[in-house]
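Lettering follows sequence order; numbering is per chain, from 1.
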2 protein chains.
Amino acid sequence: MQSVITLPTPIEIFSSASAGGREEFRGPLGEKLDFHDDRETFGKKTWELAESELSHTVLSLALNRAKLSHEEVSYLFSGDLQNQCVASSSGHMEQNIPFIGLYGACSTCTEGLMLASLTLSVGKEKRIAAVVTTSHNSVAERQFRTPIEYGGQRPPTAQWTATAGGAFLLRPGKRFPHIVRVMPGIMVDGGVKDGFNMGAAMAPAAAASIESYLSMTSTTPEDYDAIVTGDLGHEGSSLLSILLKTKKIDISGRHFDCGTLIYDERKCDCHAGGSGCGCSAAVLASHFLPLLREGKLSRILFLSTGALMSTSSIQQGGTILGIAPVIEISGGHK
Amino acid sequence: MQSVITLPTPIEIFSSASAGGREEFRGPLGEKLDFHDDRETFGKKTWELAESELSHTVLSLALNRAKLSHEEVSYLFSGDLQNQCVASSSGHMEQNIPFIGLYGACSTCTEGLMLASLTLSVGKEKRIAAVVTTSHNSVAERQFRTPIEYGGQRPPTAQWTATAGGAFLLRPGKRFPHIVRVMPGIMVDGGVKDGFNMGAAMAPAAAASIESYLSMTSTTPEDYDAIVTGDLGHEGSSLLSILLKTKKIDISGRHFDCGTLIYDERKCDCHAGGSGCGCSAAVLASHFLPLLREGKLSRILFLSTGALMSTSSIQQGGTILGIAPVIEISGGHK
């Protein structure tokens, strides 16, 4: 039974940081990233270790910005797409932060922000939680698809796993953009079996979550300055619009998708847009949180979208399940 | 900064269920399992789908026992060892339960119970959370090690991934065994790189968690009827005892390890004992919760132990990180 949880006190995102690779830096939000590495190795010998380093780097940047040390963080909620989420664990092994590993595919950023908000709502002590999610294109290509050297052709509906990451620091408060309500997602099976069409697999879950959230909170799309999905891409975003129209919900003009914002199609052969746990995290940290802080947006829904599958589930004929948890973020206190 | 969180109201585990495969049924706790399948296929065509069915089955059994339907569950916290935790998502795709995917390796059971307790502590509505974790020996063997048909030799320190699962239903209350305090785990790197010696990789994390928990709560081992670790096995349990002795902490007589309880060494060639997300879950559901309900135990610490690694992290020379979140469970209200 799905429900929206109103947090007893708002949880503010008081610091954040983003990082990316070459294509992300060349994209429309490139200049807003706090850090990028054109070679995408982040100084490490393997792509997998590069992603761990990326995870480590974004958290350090967010902490530096807030003049905090790792020791002051009470909980780190983190996840990625690598098998056994090993980028997240390896990236933070030396930091002595209580670690809570998550797997929500590309929805992990919202899942983490939701769980961090709930955890900070318990008890009277003022604690700090961190949320970090990442993805790396070269890791995802060889893990989920074919070795990069193989040069496999990708259909137009395929998305480009972003080499990107975002880190967020949270605590009770409302001076900064703050989370006021959260809703966990329900898995939706749209029958899609094509790993090169994740947008179609996730759009039904995003549509269901938006419909449920608006209905349960008695709000309309007009109540929000932006309804931000994670990584539906061009294909999934079109489908979302169609699915919502059948429910008489019109989000046109206020729907933004992180997967369509992150790349410049004229410069990057990224097909249907970006994806990955790091995509929505980097776009939230580099683009939407600043707009909320500056008062250019005052109330948004943020729903990273996840495609729950593995190479074996695909090989064994399984469908790709979509999921889209939702958080509602209000701008900083004026 | 690690901390113990005292829950504002206790969260009771008011229903649970366990299931296993052939070796688990032949083990000392076999008769206590709610369900077992000697063929370990659970009626499915592949081992991966078998684990999904196992996950589905234990939750249905726990719900049936409480005369509840899937629709009455507000949150399902679930995880497993399969790449992208796909046993958990596929196992519950048709149930319309808000799904929160976790990855804490074999510590996922305690991680899930901790997060479910925290989530249920927020808001005034009386909600129900479910926690389900599973593992399957044949899935783990071919995913992490070699195909079973290869017949690879295993050293004496190797553990046997349990074909097992446990499901738990939670809500605020204290009529049943109830969680009163929780502590997330910190990753501990003991320098172990041998995937056939997980016990040694996890023992330092278990020792650190027990030491921290006792210190932060100003309690001693004597305050608990049992201190239950997840799956250190024989090797890891010996190491835990040695590590704690150097800290002048004596848990002898009250330390139990789910990995050493689940198999009968005379019947099963399980080497150092059981492991897997399903091991501690099945042993908690089938053995420790009944003892708490019957008043034979009144206060226990329960810490599933996880080894954070993947085949690529091992192949690239990484160490195996241990983690051990802790929950404190009190017996049912007398």
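Looking at heavy atoms from C-beta onward, B:D80 lies out of side-chain contact with A:Y103 at the 4.5 angstrom threshold. With a 4.5 Å cut-off on side-chain heavy atoms, A:M187 and B:S89 count as touching. Using a 4.5 Å cut-off on side-chain heavy atoms (C-beta onward), B:Q84 and A:L81 make no contact. In this structure, the side chains of B:F99 and A:I323 come closer than 4.5 Å at one or more pairs of heavy atoms. Using a 4.5 Å heavy-atom cutoff, the side chains of B:I5 and A:Y75 are in contact. Using a 4.5 Å heavy-atom cutoff, the side chains of B:E111 and A:I100 are in contact. The shortest distance between side-chain heavy atoms of A:N83 and B:F144 does not fall below 4.5 Å. Inter-residue side-chain proximity for A:E125 and B:S3 is flagged as unmet; no heavy-atom pair is nearer than 4.5 Å.
Neither the backbone nor the side chain of A:M183 has a heavy atom closer than 4.5 Å to any heavy atom of chain B. For chain B, no part of A:Q95 is nearby; none of its heavy atoms comes within less than 4.5 Å. For A:M93, the parts lying near chain B are the backbone and the side chain together; criterion is any non-hydrogen pair under 4.5 Å. Interface remark: B:T319 contributes side-chain atoms only to the contact with chain A (heavy atom separation under 4.5 Å). For B:V86, the part lying near chain A is the side chain, with the backbone staying farther off; criterion is any non-hydrogen pair under 4.5 Å.
The candidate with the highest count of non-hydrogen atom pairs below 4.5 Å against chain A, out of B:S74, B:S121, B:S69, is B:S74. Taking chain B as the reference chain and counting heavy-atom pairs below 4.5 Å, the highest number among A:E72, A:H92, A:R127 is found for A:R127. Taking A:I128, A:T108, A:V73 one by one and counting their heavy-atom pairs under 4.5 Å with chain B, the maximum is reached by A:V73. Note: B:G185 leads B:P325, B:S117, B:G185, B:G318 in heavy-atom pairs under 4.5 Å with chain A. Per-residue counts of heavy-atom pairs under 4.5 Å with chain B were compared for A:I186, A:L7, A:L115, A:L118; the largest is that of A:I186. Counting heavy-atom pairs closer than 4.5 Å to chain B, the top residue among A:I97, A:T6, A:T46 is A:T46.
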(request) Using the side chain to side chain donor-acceptor pair (under 3.5 Å) rule, take B:E48 and A:S312 through it: C-alpha gap first, then chi angles, then the decisive distance, then the call. (result) CA-CA 8 Å; B:E48 286 75 14; A:S312 22; 4.9 Å; no

(message) Quick one, B:L49 with A:Q316, criterion side-chain contact (heavy atoms from CB on, under 4.5 Å). Give me CA distance, side-chain angles, the key distance, then yes/no.
(response) CA-CA 9 Å; B:L49 293 174; A:Q316 294 180 14; 3.8 Å; yes

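Taken to the nearest 0.5 Å, the OG1 atom of A:T119 stands 7.0 Å off from the CE atom of B:M114. In this structure, CD in B:Q2 is found 8.5 Å from CG in A:N96, a value given to the nearest 0.5 Å. Atoms CG and CG, from A:L102 and B:L102 in turn, are 6.5 Å apart once rounded to the nearest 0.5 Å. One finds the CD1 atom of B:I320 at 11.0 Å from the OG atom of A:S90 (value rounded to the nearest 0.5 Å).
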